Amino acid sequence: MQHLLSLHDLTVEEVKNLLLLAKKLKSEQKKGLAHPLLKGKTLGMIFSKSSTRTRVSFEVGMVQLGGHPLFLSSNDIQLGRGETIYDTAKVLSRYIDGIMIRTFKQSDIEDLATYGSIPVINGLTDLLHPCQILADLLTVHEYKSKLEGLKMAYVGDGNNIAHSLLYGCAKVGMDIAVATPKGYGCDAEIIEKAKDDARLTGCSITITDDPVEAVKGADAVYTDTWVSMGQEKEKEERVKMFKPYQVNKELLAFAKQDAIFLHCLPAYRGFEVTEDIIDGPQSAIFDEAENRLHAQKAVMAQLLGSQK
Ligand code: CP
Ligand code: NVA
């Protein structure tokens with residue numbers, strides 16, 4: 001494992017090992033045991049979009065691993081003024097040990113990895129959000145003590161979260177059903193690639209426009225905002241289109257009785273999810289948010305720690 005650009009690039013073994021390491025680091029941290037695995041290492045964190053969880057959990061995670069995080073807003077570095085990805089990758093590789101980047105185009109992250117000589121971690125693009133899904137899988141495992149054989153339902157926009165969730169569930173052998181309105185579905189190539197992995201791990205992938213079909217018998221029900229970063233102008237139309245896809249009491253009733261509710265956050269109560277669900281007893285959202293820290297520490301330890 002050289003980078004974390006997409007969960008699809010990882011082997012089943014690599015995903016499972018990351019989750020195991022995340023669990024170990026979490027339990028050590030809870031016991032107050034230090035684990036300075038990245039002493040003397042520096043992580044550059046480039047942000048071209050807003051963030052609360054990703055920024056704070058990477059920054060704190062790096063400190064807990066004994067390393068140094070460097071926040072690099074694209075408004076402040078020359079990348080935001082048109083310096084190329086090529087030059088940025090080459091230059092940063094001379095100073096730091098790894099890059100976490102949140103930006104728009106997946107191809108920019110791939111270029112950064114290609115041209116640089118240090119590990120690159122995808123902190124969200126328009127297409128994917130792999131770190132989030134590692135934290136989600138960790139959360140489901142904590143609640144259900146397994147992943148294989150469970151059913152994940154995702155209802156809403158066929159966006160970066162839906163894409164990485166398809167990849168993540170397929171890797172760990174968890175059935176996944178995705179319900180999106182017509183015209184807002186997942187990328188066809190991503191669905192096919194996830195299906196390849198699902199064949200290997202023996203799980204199923206269901207793509208539908210019927211939220212009830214997706215949620216029926218699910219162990220976890222996941223939704224995300226209907227208006228992702230960069231889509232603000234489409235808000236009015238999206239709210240209209242996605243209304244039947246709201247996760248509410250009526251929809252959640254089709255899931256297993258002990259199903260958990262997941263949301264990557266930030267959430268918009270009254271839109272993609274009702275208040276009674278997101279703030280109710282089935283909601284696991286704050287464990288999920290906390291697990292960003294533990295999952296990403298595992299990713300950083302794996303990628304930056306093994307560097308000579
Ligand atoms: N879930 C997530 O990535 O949150 P932020 O946008 O706050 O980083
Ligand atoms: N789909 C959302 C996820 C935010 C963490 C977005 O891209 O804005």
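We use all heavy atoms of the structure for the numbers below, so side chains are in, but hydrogens, waters and symmetry mates are not. As the structure lists them, so they are numbered: ligands from 1, and atoms in each ligand from 1. Treat the numbers as computed from the prediction; the structure is a model and nothing was measured.
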### Task
Could you go through the side-chain contact (heavy atoms from CB on, under 4.5 Å) check for Ile121 and Phe58 one step at a time?
CA-CA 11 Å; Ile121 302 170; Phe58 265 104; 3.8 Å; yes
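- Compare Lys49, Arg102, His163, Met229 by their heavy atoms: the one nearest to atom 8 (O) of ligand 2 is in Met229.
- The atoms of ligand 2 that sit less than 4.0 Å from any heavy atom of Leu265 are 5 (C).
- Val247 is not connected to Val140 by any chain of hydrophobic side-chain contacts under 4.5 Å among Ile, Leu, Val, Met, Phe, Trp and Tyr, and they are in different clusters.
- Phe47 and Phe71 have tilted rings, their planes meeting at an angle from 30° to 60° on a 0 to 90° scale.
- Taking CD1 of Ile118 as the reference point, atom NZ of Lys41 lies at 11.0 Å (rounded to 0.5 Å).
- Leu127 and Val227 fall into different hydrophobic clusters, where Ile, Leu, Val, Met, Phe, Trp and Tyr side chains are chained together by heavy-atom contacts under 4.5 Å.
- A salt bridge does not link Glu83 to Lys90: none of the charged side-chain nitrogens sits closer than 4.0 Å to a carboxylate oxygen.
- Nearest protein heavy-atom neighbour of atom 3 (C) of ligand 2: Asp224 OD2, 3.7 Å.
- For Asp157, the closest heavy-atom approach to ligand 2 does not fall below 4.0 Å.
- Side-chain contact of Thr274 with Asp276: a donor-acceptor pair under 3.5 Å is present, judged by distance alone.
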### Message
For a side-chain contact (heavy atoms from CB on, under 4.5 Å) check, start with the C-alpha distance between Asp197 and Lys193, then their side-chain angles and the critical distance, and finish with the verdict.
### Response
CA-CA 7 Å; Asp197 277 339; Lys193 285 192 193 165; over 6 Å; no
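- Of the protein's non-hydrogen atoms, Ser228 OG, 3.3 Å is the one closest to atom 6 (C) of ligand 2.
- When non-hydrogen atoms are compared, ligand 2 lies under 4.0 Å from the side chain of Leu124 (C-beta onward) but not from its backbone.
- For the pair Thr225 and ligand 2, the shortest N or O to N or O distance does not fall below 3.5 Å.
- Checked by atom type, the side-chain pair Asn291/Thr139 shows a donor-acceptor distance below 3.5 Å.
- Only side-chain heavy atoms of Asn160 come within less than 4.0 Å of ligand 2; its backbone N, CA, C and O stay farther off.
- For the side chain to side chain contact (heavy atoms under 4.5 Å, CB included) test with Leu92, the passing option among Leu112, Ile46, Asp97 is Ile46; the others fail.
- Protein residues with any heavy atom under 4.0 Å from ligand 1: Ser51, Thr52, Arg53, Thr54, Arg102, His129, Gln132, Cys264, Leu265, Arg292.
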